[in-house]
Amino acid sequence: MADTTIKVDTAVRDRLQELARERGITMRELVAQLAGAMPTKEELAERREETKAYIEEHFLGEPYTEEDAEAGQRLWADIVSGRVGEVR
């Protein structure tokens with residue numbers, strides 16, 4: 001594997017060094033982990049389609065619609081706000 005240089009300012013370099021040290025790994029390993037953890041737009045689109053297909057097959061039994069997406073967003077907002085399970 002050939003080495004290369006990534007230019008960052010010293011604050012970023014120091015932060016990466018600190019994060020790597022805390023984890024007991026090299027900065028090279030940390031950067032590789034960070035790059036591997038960040039999905040590309042294509043990977044995100046693929047995950048979305050896979051998730052949509054799973055929901056259709058296992059929960060809906062029919063095509064996933066925009067209304068379903070909006071209902072899911074409302075539910076998530078209620079969960080985050082603590083409104084789910086609230087007695088009214």
Side-chain angles (χ1 to χ4, degrees):
M1 171 179 12
D3 286 342
T4 190
T5 301
I6 300 173
K7 294 186 180 213
V8 297
D9 65 46
T10 55
V12 172
R13 182 211 54 211
D14 293 347
R15 172 91 173 151
L16 290 170
Q17 192 171 36
E18 179 182 354
L19 291 168
R21 190 178 313 114
E22 285 180 354
R23 288 161 177 75
I25 59 176
T26 66
M27 200 178 318
R28 174 194 298 251
E29 292 168 320
L30 177 68
V31 171
Q33 287 178 7
L34 292 171
M38 298 293 295
T40 64
K41 287 181 183 180
E42 184 179 317
E43 290 167 337
L44 288 173
E46 192 175 296
R47 286 183 194 175
R48 183 183 188 287
E49 289 306 311
E50 290 170 356
T51 301
K52 182 178 162 186
Y54 185 89
I55 290 169
E56 289 172 347
E57 180 181 347
H58 295 282
F59 296 102
L60 298 177
E62 57 189 38
Y64 182 84
T65 65
E66 188 59 36
E67 290 80 23
D68 294 321
E70 291 168 3
Q73 290 172 351
R74 285 191 303 274
L75 175 60
W76 184 250
D78 287 345
I79 290 169
V80 169
S81 71
R83 288 190 301 264
V84 171
E86 195 175 83
V87 178
R88 296 179 189 199

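Below, all heavy atoms of this structure are taken into account, side chains as well, without hydrogens, waters or symmetry copies.
Side-chain atoms of Glu29 come within 3.5 Å of backbone N or O of Thr26 as a donor-acceptor pair. Counting only distance, with no hydrogens or angles, the side chain of Arg48 and the backbone of Leu44 share no donor-acceptor pair below 3.5 Å. One N or O on the side chain of Glu56 and one on the backbone of Tyr64 form a donor-acceptor pair closer than 3.5 Å.
Expressed to the nearest 0.5 Å, how far CD of Glu62 lies from CG of Asp68 amounts to 7.0 Å. Residue Arg28 holds its CZ atom at 12.5 Å from CG of Leu30, rounded to the nearest 0.5 Å. Annotation: the span from Arg21 atom CZ to Leu16 atom CG amounts to 11.5 Å, rounded to 0.5 Å. The line from CD of Glu22 to CD of Gln17 is 11.5 Å long, rounded to the nearest 0.5 Å. For the atom pair Asp14 CG and Glu18 CD, the distance stands at 8.5 Å (nearest 0.5 Å).
In this structure, Glu70 and Thr65 have side chains that are not in contact, with every pair of non-hydrogen atoms separated by 4.5 Å or more. With a 4.5 Å cut-off on side-chain heavy atoms, Ile6 and Val8 count as touching.
Residue pairs meeting the ring-ring contact (aromatic ring centres under 6.0 Å, His included) criterion with at least one member in residues 28-58, sequence neighbours excluded: Tyr54-His58. Sorted by first and then second residue, the ring-ring contact (aromatic ring centres under 6.0 Å, His included) pairs involving residues 1-53 (not counting sequence neighbours) form an empty list.
In this model, no donor atom of one side chain and acceptor atom of the other lie less than 3.5 Å apart for Thr40 and Glu42. Looking at Ser81 and Arg83, their side chains do bring a donor and an acceptor atom within 3.5 Å of each other.
Transitive grouping of hydrophobic side chains (ILVMFWY, heavy atoms separated by less than 4.5 Å) keeps Met38 and Ile25 in distinct clusters. Ile55 and Leu75 are assigned to two separate hydrophobic clusters, defined by single-linkage of ILVMFWY side chains at heavy-atom distances under 4.5 Å.
The shortest non-hydrogen separation linking Met27 to Arg13 is CE-O, 4.0 Å.
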